[in-house]
Amino acid sequence: MSRRLSLQDDVRYVKGVGPKRAKVLESLGVKTVQELLDYIPFRIDDFSRVRRLKHLEPGEKVTIAGKVISVTVIPSIRGRALRVGVSDGTGTCYLMWYNMLYLSRRFYPGLQIVASGKVEWRRQSWEIAHPLWEETGDMPAEGFIVPIYHSKASLNSSMISRIVLQALSTYGHLIHESLPVDIAGRHGLLNQKQAYAGIHCPSDAEMWEKARRTFAFREIFFLQFALLLMRSQNQSAKPVTPYRQFGLPQAFVDGLPFEPTEAQERAIQEVREDLSSGKTMNRLIQGDVGSGKTVVAIWSLLAAVDNGYQGALLAPTEVLARQHMQTVKELAGDMVRTGFLSGSQSAQDKRLSLRLLAEGSIDILIGTHAMIEPDVKWARLGLVVTDEQHRFGVKQRLSLSYDTFAPHMLVMSATPIPRSLALTLFGDLDLSMIDELPYGRKPVHTQVLEERLRGLAYGRVKKEVAMGYQAYVVCPLIREGKSGRKSAQQVFRELKAGYLKDVKIGLAHGDMPRDKLAKEMQDFAEGKTQVLVATTVIEVGVDVKNASCIVIEGAESFGLATLHQLRGRVGRGHKQSYCFMIPSGESGDSPARLKALESIHDGFSVAELDLRQRGPGQFFGLRQHGLSDINIEDLGVTEETLYAARQEAKNLVKAVEKSKQAPPELSPLFGQINQRFGNLLRHARSR
Ligand code: ADP
Ligand code: MG
């Protein structure tokens, strides 16, 4: 019984976790004790502020707690409503859900719950519509704070909480401090042990906030420190031959069927300066959807070719890669030899590409992740362009730019990110902005529609199709779930049976086999289908100029940035295009949030607004930043924290640069960074 405990232990070693729970935890991304401790609650319910029902006031936001006494369904003007009566012995309050009757299964008389929301006096009683709520088991003692975790039906939040507390008590002593103490001191942060305790079992709301801020600061700091350090090491370690030839890319620009915009010219100029400098290029091109980033990408690739190197264009999806292949062939096909590489190619095609590539008979390789596999050998790779970088994790990007092959790295992103944030997420990159759309684009006519007015949107779809144009319909889900939000499959069926009976409709979502998905996209691109019902698989870069209308169902499920991206799928030519956003049933204040898009059409403004509305967390991407086990989105990062952490990281990297050797007091920090970045950093450091 003298096994040495380690934070890398399998969660199964934690008391209370059997094989079954371990499986569920794994599905939540938790395999080790460390990952369990890093599985942080996204919210707390503060029972210390629970309001007695006899003290309710109309219009107030409150938390109430009590026993369910009745569960009924009543008619209302908004459809049938679920009405759950709760009593705490001093009074009764009714929780209301409209059009969400499936919830009724979760309530039964005697169930102890806590709920929060805005109280109103209606129908002669207190009501809270669409409250947040939790089962509580036995009523907690006064002053108790309950952390709420993302959970599953088979492992609810309070079970997770118990497991985490168990892990903390067994393994807590192994938690080490890796943030330099002077930095923690300057920003009033908790030490690491306190922070874990404070986030999982806070004594009060303030402590929880402080713990959260500590985590947020640490995560940003580590990210920044690593990015900046790698950049500094990479740049000083590796002088590269400056590019001198630019005739080929110039010929490409001269041959374009349109004039580049000023913003495109500027970005090209910035890339040119990088490539001629004798230093490694690490540049991010941010540009709104449709701003014409591809032109800059091709220009750069041709510059590499002109100087005797190979270029690579890496896309996040097969569909996008194929589209790029087509574009490059169209615009520069007679200037260079192109090749294609993707995971779904036949073994034979793949072998051929690999051979030609190694021989140097391919100048520009276009493809997906398949091109970063170790079996890919290049003759003289000089430059990599990564498109739609937000789809790749930071770690993937880093492993590309520093661990592999090409000295020059150009990253393109169509998710405009406010400058302050871009500096944090891409602290290792120089920034070019393409903040101008090609001449003659009309803003997409954008309208938020209530569900009952859905017909207006599909009426427009019908009209556009009748005129020979095409339309997208986007849904938040693939198949029906409990949430009451629309699914692609359901909408596909409904449209086929109703509004769009005589129209050729395609269906595309991420659960389809890859070749089927590609075929659906291809059919739409070729005009074989007129309407494409899809999930956000279409978000990325797809360019079907003939599409003039997009309907977004369940629009409240998406962030503004995503909605803006989706809207960018249309309006790519001179024709007036349309975007309808239909929030599903009951969605609180989200229509107001969405309405902003009716008047704002520029991606950078959308991003600023998103930043103000929802904080910076969501920009860290769909949990795929890949640099920590913590879900940064759940930390409620503020701009102050962001700025402070970045500043500290910058200063420290400067200090490390000056000293020949990393100071010994920083070794826990380097340990932490190495653990997160794996061999990446070691590689960069040893160069
Ligand atoms: P994104 O920045 O979203 O990747 P693309 O590079 O796909 O945008 O460009 C969108 C469309 O605009 C393409 O069809 C492209 O040919 C066209 N385009 C790009 N630059 C210009 C320009 N300067 N003038 C007119 N059309 C352009
Ligand atoms: Mg693009």
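Just so you know, ligand 1 is whichever comes first in the structure, and atom 1 is the first atom listed for that ligand.
Heavy atoms of other residues, nucleotides or ligands lying less than 6.0 angstrom from NZ of K575 number more than 12. The environment of OH in Y643 is sparse: at most 12 heavy-atom neighbours from other residues, nucleotides or ligands sit within 6.0 Å.
Of the N and O atoms on the side chains of H408 and D274, not one donor lies less than 3.5 Å from an acceptor on the other residue. There is a side-chain donor-acceptor pair under 3.5 Å between E464 and S548.
Within ligand 1, counting atoms from 1 as listed, the ones closer than 4.0 Å to a heavy atom of T261 are 23 (N). Of all atoms in ligand 1, numbered sequentially from 1 with element shown, those under 4.0 Å from a heavy atom of P260 are 23 (N). Atoms of ligand 1 lying under 4.0 Å from any heavy atom of E259, numbered from 1 in the order shown and given with element: 22 (C), 23 (N), 24 (N). The distance from ligand 1 to the heavy atoms of S291 drops below 4.0 Å at these ligand atoms: 2 (O), 8 (O). Here is the list of ligand 1 atoms found below 4.0 Å of a heavy atom in D288: 2 (O). For ligand 1 and T294, the ligand atoms under 4.0 Å from any heavy atom of the residue are 4 (O), 5 (P), 6 (O), 7 (O). For ligand 1, the atoms sitting less than 4.0 Å from at least one non-hydrogen atom of V289 are 3 (O), numbered in the order shown with element in parentheses.
Contacts between I434 and ligand 1, counted as non-hydrogen atom pairs separated by less than 4.0 Å, are absent for every part of the residue. With a 4.0 Å heavy-atom cut-off, ligand 1 is reached by the side chain of R441 but not by its N, CA, C or O.
The option from K545, Q565, E436, K293 that lies nearest to atom 2 (O) of ligand 1, judged by heavy atoms, is K293.
Listed by chain and number, the residues in a side chain to side chain contact (heavy atoms under 4.5 Å, CB included) with R380 are Y309 (sequence neighbours excluded).
Of the possible polar contacts, none joining the Q310 side chain to the W378 backbone as a donor-acceptor pair under 3.5 Å is found. A donor-acceptor pair under 3.5 Å is absent between the side-chain atoms of E553 and the main chain of C475, judged by distance alone.
The shortest heavy-atom distance from G290 to ligand 1 is under 4.0 Å.
Cation-pi geometry between R272 and F246 is met: under 6.0 angstrom from the ring centre, within 45 degrees of the axis.
Where the criterion is an N or O separation shorter than 3.5 Å, residue side chain and backbone included, P438 fails it with respect to ligand 1.
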